[in-house]
J.: 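Encoded as structure tokens, here's the structure I'll be asking about.
The model shown is predicted, which means the values in this text are computed figures rather than measured ones. Start at 1 with the first residue, then count along the sequence.
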Amino acid sequence: MALLALFFSGRAQYMDTLRTAFTGKKSLDIGFDARHSFVDNKRVGVNSVKLGVSFSKKIALGMGYAWLNRRTPLFENYAFYDSDLKRDTQVTRRLAFSYFRFYVNYIYYQSRRWEFSIPLQVGIGKLGFKYQYNGLETKMDEGYCFLYEPEVDVKFKVFRWLGVEGDIGYRFLFKNNKFIENTFNSPLVSVGVFIVWNELALKAFPKNEKVQKELGPSAW
């Protein structure tokens with residue numbers, strides 16, 4: 001009974017925290033990061049941007065877009081029948097991977113410079129191949145994919161309005177594309193930068209009473 005009471009008490013406190021957060025002050029959550037993972041035991045890079053809203057500096061919701069770095073070494077030679085040349089044509093095609101991501105980020109610890117949070121992301125996108133032929137980029141064997149990415153994130157404010165962040169997690173990818181045999185499930189490590197827009201506005205407009213009232217006081 002004691003454990004049950006403790007569980008419901010903790011759950012009630014958690015729900016109260018969320019309700020308080022959503023009714024508190026809001027700020028922009030904008031960032032860019034470079035994700036490092038593996039495809040077929042080869043290290044690859046995935047770049048992404050995000051835009052969302054942070055509620056009371058406790059929980060953030062938003063979406064973004066991610067794409068496989070073009071320098072990723074996932075190339076292969078491919079031959080196809082060219083109806084114009086009446087012969088087999090050899091091309092080098094590369095794996096193409098991009099998706100829209102939707103995230104929820106719960107911040108469980110925050111100080112003047114440090115922030116620890118638990119992001120949860122899901123995404124939907126496309127997998128396929130691209131190659132250059134006659135000066136044009138051509139797509140082939142495209143299909144859809146779904147991603148689930150649980151992570152742990154750490155942020156550090158270098159300056160009042162600018163910081164660096166890193167996280168570690170795991171990517172689960174589900175696809176309906178029979179032409180793609182690559183293995184995408186992989187650990188994730190990412191690094192990036194972030195801007196604390198509230199602090200930037202407070203610093204840029206120190207004498208603007210409306211800005212100071214809406215966004216203040218400064219956490220710095």
Side-chain angles (χ1 to χ4, degrees), residues 28-53 60-80 82 88-105 117-156 162-195:
L28 287 176
D29 184 39
I30 301 176
F32 167 84
D33 62 52
R35 295 163 162 266
H36 302 280
S37 60
F38 296 91
V39 175
D40 293 342
N41 297 319
K42 295 180 180 179
R43 189 171 67 85
V44 302
V46 176
N47 299 328
S48 67
V49 293
K50 69 175 182 178
L51 172 63
V53 180
L61 306 173
M63 66 176 295
Y65 182 74
W67 64 95
L68 192 66
N69 192 308
R70 292 179 66 93
R71 296 192 298 270
T72 295
L74 294 174
F75 298 89
E76 65 180 25
N77 293 324
Y78 181 77
F80 65 94
D82 189 324
D88 288 343
T89 299
Q90 294 280 343
V91 297
T92 299
R93 66 180 188 176
R94 63 180 176 85
L95 185 67
F97 172 39
S98 61
Y99 61 96
F100 289 96
R101 48 189 283 227
F102 306 89
Y103 69 90
V104 177
N105 187 19
S117 62
I118 306 174
L120 177 62
Q121 303 183 90
V122 295
I124 184 169
K126 283 189 174 183
L127 280 172
F129 294 98
K130 293 182 179 180
Y131 64 90
Q132 292 283 341
Y133 183 59
N134 287 338
L136 299 176
E137 186 171 72
T138 304
K139 301 177 182 179
M140 65 183 302
D141 296 340
E142 277 196 319
Y144 290 95
C145 61
F146 176 80
L147 301 96
Y148 168 62
E149 298 173 341
E151 300 177 359
V152 174
D153 181 87
V154 178
K155 289 182 178 180
F156 177 76
L162 181 68
V164 294
E165 67 177 310
D167 60 43
I168 185 170
Y170 198 88
R171 178 178 61 222
F172 298 92
L173 185 142
F174 310 92
K175 54 184 171 64
N176 68 345
N177 191 337
K178 65 180 181 180
F179 300 105
I180 305 293
E181 298 180 352
N182 308 78
T183 301
F184 287 85
N185 290 355
S186 164
L188 289 172
V189 178
S190 72
V191 293
V193 297
F194 68 93
I195 296 175

J.: Testing the basics here: between V44 and V39, what is the closest heavy-atom pair and its distance to 0.1 Å?
T.: CG2-CG2, 3.9 Å
J.: Once side-chain hydrogen bond (donor to acceptor under 3.5 Å, both in side chains) is applied, do any residues pair with D153, and if so which ones, sequence neighbours excluded?
T.: none
J.: Could you check if a side-chain atom of L173 sits within less than 4.5 angstrom of a side-chain atom of F97, using non-hydrogen atoms only?
T.: yes
J.: For residues E151 and L188, determine if any side-chain heavy atom of one lies less than 4.5 Å from a side-chain heavy atom of the other.
T.: yes
J.: Would you name the heavy atoms of D40 and T183 that are closest together and state the gap between them?
T.: OD1-N, 2.8 Å
J.: Over all heavy atoms of both residues, which pair between P119 and N105 is shortest? Give the atoms and the distance, please.
T.: N-OD1, 3.4 Å
J.: Please list every donor-acceptor pair under 3.5 Å in which a side-chain atom of residues 139-150 meets a protein atom from a residue at least two apart or in another chain.
T.:
from: D141; atom 1: OD2; to: R93; atom 2: NH1; distance (Å): 3.4
from: E149; atom 1: OE1; to: R35; atom 2: NH1; distance (Å): 3.4
from: E149; atom 1: OE2; to: Y99; atom 2: OH; distance (Å): 3.3

J.: Measuring from atom CG of N47 to atom CG of N69, what distance do you get when rounded to the nearest 0.5 angstrom?
T.: 5.0 Å
J.: Below 4.5 Å, heavy atoms only, C-beta onward: do R101 and S48 meet side chain to side chain?
T.: yes
J.: Can you find a heavy atom in the side chain of L61 that is under 4.5 Å from one in the side chain of V53?
T.: no
J.: Heavy atoms, side chains only, cut-off 4.5 Å: are F184 and L95 in contact?
T.: yes
J.: So which atom in V46 and which in A66 form the shortest heavy-atom distance, rounded to 0.1 Å?
T.: CG1-CB, 3.9 Å
J.: Hey, what do you get for OG (S186) to CZ (F38), rounding to the nearest 0.5 Å?
T.: 6.0 Å
J.: Please say which of F102, F100, Y103, F32 ends up in a ring pair (Phe, Tyr, Trp, His ring centres under 6.0 Å) with Y65.
T.: F100
J.: Which residue pairs satisfy the side chain to side chain donor-acceptor pair (under 3.5 Å) criterion with at least one member in residues 167-176, sequence neighbours excluded?
T.: S37-R171, D167-S190
J.: Check whether any side-chain heavy atom of K50 lies under 4.5 Å from a side-chain heavy atom of D29, and answer yes or no.
T.: yes
J.: The test is side chain to side chain contact (heavy atoms under 4.5 Å, CB included); show your working for F156 and E165 and say whether it passes.
T.: CA-CA 6 Å; F156 177 76; E165 67 177 310; over 6 Å; no
